[in-house]
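Both counts, for ligands and for their atoms, begin at 1 and track the order of listing.
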Amino acid sequence: MKKLVVLGAGYGGMRVLHRLLPNQLPSDIEIVLVDRAPYHSLKTEFYALAAGTISDHHVRVTFPEHERLSVKYGEVSKVEMDEKVVHFEDGSTLSFDDLIIGLGCEDKYHDIPGAEEYTYSIQTINKSRKAYQALNDLPANKVVAIVGGGLSGVEIASELRESRPDLTIKLFDRGNIILSSFPERLSKYVQNWFETHGVEVVNGSNITRVEENTLYNHDEPVHCDVIVWTAGIQPNKVVRELDVEKDGQGRVVLTKQHNIPGHENIYVVGDCASLPHAPSAQLAEGQAEQIVQVLLKRWNGEAPPEEFPAIKLKGVLGSLGRKHGFGLVNERPLTGRVARLLKSGILWMYKYHNG
Ligand SMILES: Cc1cc2nc3c(=O)[nH]c(=O)nc-3n(C[C@H](O)[C@H](O)[C@H](O)COP(=O)(O)OP(=O)(O)OC[C@H]3O[C@@H](n4cnc5c(N)ncnc54)[C@H](O)[C@@H]3O)c2cc1C
C-alpha cells in the first residue's frame, strides 16, 4: 500500500477526498487525513460564529468515510520533506509516500506591538469561539473595534451590528474607502450600509500599537472593550518554516503540477500555495481538482498534464448581516438581498454536497 497523507481538512483537503472517494482511489493507495479538529470547519462562516448569530454545529461538516481512509488528529509541527515524515507537537510522527499540505493561513500582525496579545481572531474555529465568548459576554453599550476592512472585517462588523445593537462598533480601515480592492460602487454601498446601521468606519487609519483595551490609531489611544483582528493573513507556520521558495506573501512557489519543485510527491493546496489569485475557498477547491488529476496520472505511471487551464473563479460574495449582501459574480457587481440570498444558497449547496 502507498500512503497519501493530507494535512488539513480545509476546503482544499476536503475537495481532494471528495474527488478520490469513493470510486477513484486506486486499490493500492490508502489515505491518512490529518487535522487538529475532528470535523471540517466552514471557515467562511467564522464571522457569524464569532458574532453569535449561528451555532457552532452550523460550521462543522463530518469527514467522509471509506475503508482506506483513516484520520489522525493532532497538531502538525513540522514536515521533513527528504525524510518523508510529518512531526506532531505531541512527539508522534507520520510517514508518507505522497503528501498534500493544506493547512490554511493565520493572522498576520505586521510586527505591530501588542496586536497578537490583545486582539481576538477569527482565523480558526477555536479562536472564533473565544471571540464569540468575549463579544457576547460584553455588558451593554461597550465598544468593539474591528481592525481591517477587508471581506472578513466587513462581515463580522455587520453581523455583530445585528447581533448586538447596543454595542458601539468601530471598523478601522487603512484605505480611504472600505473594501478598496472591490469596484467603487460596491465599496460605496458597503460604506453606506455601515453609516445607516450605525457602524463607525474609521478610514485612513494606521494602527501603531495595541494594549489591553486600547488601540493606538496614528499613535492616538482609542478605548475599546474588545478588539478583533482581521487586518492580514499569512500562510500557516508549518509552511512558513519550510525551506522552499516562497512568493512575496510567503506562499510556496510550485510547479505547474502543484508540487514543490524537486519533490514530485509533495503538493501544497489552498492558502499556502502561490497562485495567481488572492487566497479563497473557491481557489483551494479548484486547485485541489487539478492536484487530484496529477495524482491519478502519477499513480498510474503516466505523465501528468504539462499545464492546466487557469482556475475559474465565479466571484466573491459578502454578507451585511442576515438580509443584505454584496459581491462580484462573473465580474458583475451585485448588492442587496439577491447577493445575500445567493451567498446563503451557495453555503446550503456546499453543506448538502459535503455533509
Ligand atoms: C471570516 C472569513 C470569511 C471568508 N469568506 C470567504 C468567502 O466568502 N469565499 C471564499 O472563497 N473564501 C472566503 N474566506 C477564505 C477561505 O476561508 C480560505 O481561503 C479557505 O478556508 C482556504 O482553504 P484551505 O484548504 O487552504 O485551508 P482551511 O480551510 O483554512 O483549512 C486548514 C485546515 O488545516 C487545519 N490545521 C491548520 N493548522 C494545523 C496544524 N498545525 N495541525 C493540524 N491541523 C491544522 C485546520 O484545522 C483546518 O481544518 C474567508 C475567510 C474568513 C476568515
Can you tell me how far the NZ atom of Lys43 sits from the CZ atom of Phe46, to the nearest 0.5 Å? 7.0 Å
d(Glu264 CD, Gln257 CD) to nearest 0.5 Å is 8.0 Å
Atoms in ligand 1 flagged as close to [X], the criterion being non-hydrogen separation under 4.0 Å:
{"X": "Lys343", "result": "8 (O)"}
{"X": "Ser152", "result": "1 (C), 2 (C)"}
{"X": "Gly270", "result": "26 (O)"}
{"X": "Glu155", "result": "3 (C)"}
{"X": "Glu75", "result": "40 (C), 41 (N), 42 (N)"}
{"X": "Gly102", "result": "32 (C), 33 (C), 34 (O)"}
{"X": "Gln282", "result": "11 (O)"}
{"X": "Ile122", "result": "1 (C), 53 (C)"}

Please identify which of these residues, Thr168, Leu138, Val144, meets the side chain to side chain contact (heavy atoms under 4.5 Å, CB included) condition with Asp225. Leu138
Ligand 1 contacted by [X] (non-hydrogen, < 4.0 Å):
{"X": "Gly74", "answer": "yes"}
{"X": "Ala37", "answer": "no"}
{"X": "Ala9", "answer": "yes"}
{"X": "Val316", "answer": "no"}

Just wondering, more than 12 heavy atoms not from [X] lying within 6.0 Å of its [atom1]?
{"X": "Lys3", "atom1": "NZ", "answer": "yes"}
{"X": "Glu117", "atom1": "CD", "answer": "yes"}
{"X": "His57", "atom1": "NE2", "answer": "no"}
{"X": "Arg174", "atom1": "CZ", "answer": "no"}
{"X": "Glu245", "atom1": "CD", "answer": "no"}

Nearest non-hydrogen protein atom, [atom]:
{"atom": "atom 27 (O) of ligand 1", "result": "Gly104 CA, 3.4 Å"}
{"atom": "atom 42 (N) of ligand 1", "result": "Val76 N, 2.9 Å"}
{"atom": "atom 45 (C) of ligand 1", "result": "Leu103 CD2, 3.6 Å"}
{"atom": "atom 52 (C) of ligand 1", "result": "Lys43 O, 3.9 Å"}
{"atom": "atom 9 (N) of ligand 1", "result": "Thr44 CG2, 4.0 Å"}
{"atom": "atom 19 (O) of ligand 1", "result": "Asp271 OD1, 2.8 Å"}
{"atom": "atom 28 (P) of ligand 1", "result": "Gly10 CA, 3.8 Å"}
{"atom": "atom 10 (C) of ligand 1", "result": "Ala281 N, 3.5 Å"}

Do Lys343 and Glu155 meet the salt-bridge criterion of a basic N to acidic O distance under 4.0 Å? yes
Basic-acidic side-chain contact under 4.0 Å: Lys256, Glu306: no
May I ask you to identify, for Ile125, whether its side chain, its backbone, both or neither come under 4.0 Å of ligand 1 on a heavy-atom basis? neither
Under 4.0 Å between heavy atoms, the region of Ile156 that gets near ligand 1 turns out to be neither
Would [X] count as being in polar contact with ligand 1, using the rule that some N or O on each side must be under 3.5 angstrom apart?
{"X": "Cys272", "value": "no"}
{"X": "Arg36", "value": "yes"}
{"X": "Tyr11", "value": "yes"}
{"X": "Gly8", "value": "no"}
{"X": "Asp35", "value": "yes"}

For the side chain of His218 and the backbone of Gly204, is there at least one donor-acceptor N/O pair under 3.5 Å apart? yes
Can you tell me if Gln282 uses its side chain to pair, donor with acceptor, with the backbone of Lys314 under 3.5 Å? yes
Does Trp299 reach the side chain of Leu25, with side-chain heavy atoms less than 4.5 Å apart? yes
Would you say Ile100 and Leu295 make side-chain contact, with heavy atoms under 4.5 Å? yes
Quick check: is Val244 connected to Val268 through a chain of hydrophobic side chains (ILVMFWY, heavy atoms under 4.5 Å apart)? yes
Over 60° means perpendicular and under 30° means parallel, so tell me whether Phe308 and His258 are parallel, tilted or perpendicular. parallel
